[in-house]
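Atoms within each ligand, like the ligands themselves, are counted from 1 in listed order.
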Amino acid sequence: MISQLQKARSAYQPKVPAAIEGATKLAEGKATQSVADQEDIKNLFPNTYGMPIVTFEKGDQEAKVEAFNVGIILSGGQAPGGHNVISGIFDGIKKLNKDSKLYGFLGGPSGLVDHKYIELTSDIIDEYRNTGGFDIIGSGRTKLEETEQFDKGLEICKQLNIKAVIIIGGDDSNTNACVLAEYYLAKNTGIQVIGCPKTIDGDLKNEMIETSFGFDTATKVYSEVIGNIERDANSAKKYWHFIKLMGRSASHVTLECALQTQPNVTLIGEEVEAKNQSLDDVVTYIAEAVAARAAKGLNFGTVLVPEGLIEFIPAIKKLIAELNDMLAANQAEFDTIADDKKIEYVASKLSAENAAIFNSLPVGVSRQLALERDPHGNVQVSLIETEQLLADMVAKKLAEWKKEGKFVGKFATQHHFFGYEGRCAAPSNFDADYCYSLGRVAALLIASGKTGYMSSVRNTTKPAAEWLAGGIPITAMMNMEKRNGKMKPVIQKALVKLDGGPFKYFASKRAEWAIETAFVYPGPIQYFGPTEVCDQPTKTLILEH
Ligand code: FBP
């Protein structure tokens, strides 16, 4: 059974750039170079480096294209709109030749390696149009980086006569897509690899990729509930709500939600790092806002905390960097240590300075930092309860201030973490249109023989008909970074720019939002109704462009 909304929503026809509605022609721009470390990236990607940016323009007549088969992979965390990327690819390849076929590799990149797949037919695709989730084929976090994995992938592609693999993923997965494209090209396999920019975190973006899909919907869902909490806070007038928001590293989600809901305090990890703040500085900053409102009789408020905050605090960042190197160098020995002795072992291997910081952290936090990593080697920040940690530390500070007469109010807290709630929401009109268009463009890139490209749809603050469609060489987004103790080519992560429009606007308003009750209640995503209610892009996009 499906809900009434899903039923109505399945009939929605996503909007696409006018340029790709009918026949298209390809325009090639100038050669590109990587954002940094050009020599290293060029040496590592001799076949896919320097390719031009390409754009699809309105053409005169539909080119005759032979039927071709495509395999798709969903990689990493869920993001609203994944099903629309897939339906866009499906419609795109069928439009080029109705005998083309789409295969979905199951459970993420491992599906390619383990030869687990299904053919996606129109019956299946129709069930999933405009729905949230990645359940059509499932996702996973297996890292595609070994040549044996690539060769296993090649076997199944040959068996299914697959011309191209599309990897729908974040920065790490698209980096791997490029490595795979390079490998298949170097081996002359004839198999193309195309990437699509996915992540609710919003940190896979640059001049040519304006936003990653899912960010729009997820931040609208979080903003709806933050608004509801603000209204509750303003009604009951007795709690400070500490709300942690997903975004493993960058604080884009938190910043966007702040722009939408105008909470009292918003922490931005990138600023904490730039100002070289300690955990105590952050706690003092929050406590000052609480005390200032208390002085006006306002013993309630909202604090937004980005999930990645901990990693931006310079002292902790240094600690994590040493932990990464130390664990990479001592992995074999580390694996032999009994679980209850691991924390002690880690502390004994750190420099005195970092060991002192490590030992000063609450046990839950040090455990997370030292022991629990995802397959890409990232700290799993979503498991660290920063919102609770900060609320407790602010309470302690305010108790001291009370004794000194610096704080006159009451301080009671509630904690929330919003992340998973937004990752599978039914895509907003923006994400439904954007994702479907990304899929259609990916199909065109394949038909044009491109490999090592990411599907790109730009000009997204304008109506969809005016969006620009094309492809960006993935190598153009790369630089060298240390991962698991080694320098690796990776897509440069887009962090919040402190001199960018969204942060500057927020910074100009936050003093007022801290003291006043300037809350905004955005309400739920609207799928049907006036365009100014239903089709608004994020404030981040508007302020950036
Ligand atoms: P992607 O970068 O793969 O899109 O995932 C992002 C994210 O949603 C982060 O915001 C969060 O820290 C992480 O995934 C949680 O991962 P998991 O789903 O494995 O718990």
Backbone or side-chain N or O of G77 under 3.5 Å from ligand 1 N or O: yes
Nitrogen or oxygen of S75 less than 3.5 angstrom from that of ligand 1: no
4.0 Å heavy-atom contact, G76 with ligand 1: yes
Ligand 1 contacted by G247 (non-hydrogen, < 4.0 Å): yes
Closest candidate by heavy atom, reference atom 7 (C) of ligand 1, pool R423, R248, K493: R423
Greater than 12 external heavy atoms within 6.0 Å of K116's NZ: no
For ligand 1, which atoms sit closer than 4.0 Å to a heavy atom of [X]?
X	answer
T199	1 (P), 2 (O), 4 (O)
Y420	15 (C), 17 (P), 18 (O), 20 (O)
K198	1 (P), 3 (O), 4 (O)

Between F150 and Y183, ring centroids under 6.0 Å: yes
Proximity of Y436 and W467 rings by center, below 6.0 Å: no
Residue portion contacting ligand 1 (non-hydrogen atoms closer than 4.0 Å) for Q78: neither
Residue portion contacting ligand 1 (non-hydrogen atoms closer than 4.0 Å) for D201: side chain
Short side-chain donor-acceptor distance under 3.5 Å, N176 and S173: no
Point-to-point distance, once rounded to the nearest 0.5 Å, from CG of L445 to CZ of R440: 13.0 Å
Under 3.5 Å donor-acceptor, H83 side chain and G132 backbone: yes
Check: H115 side chain, K152 main-chain N or O, donor-acceptor pair, under 3.5 Å: yes
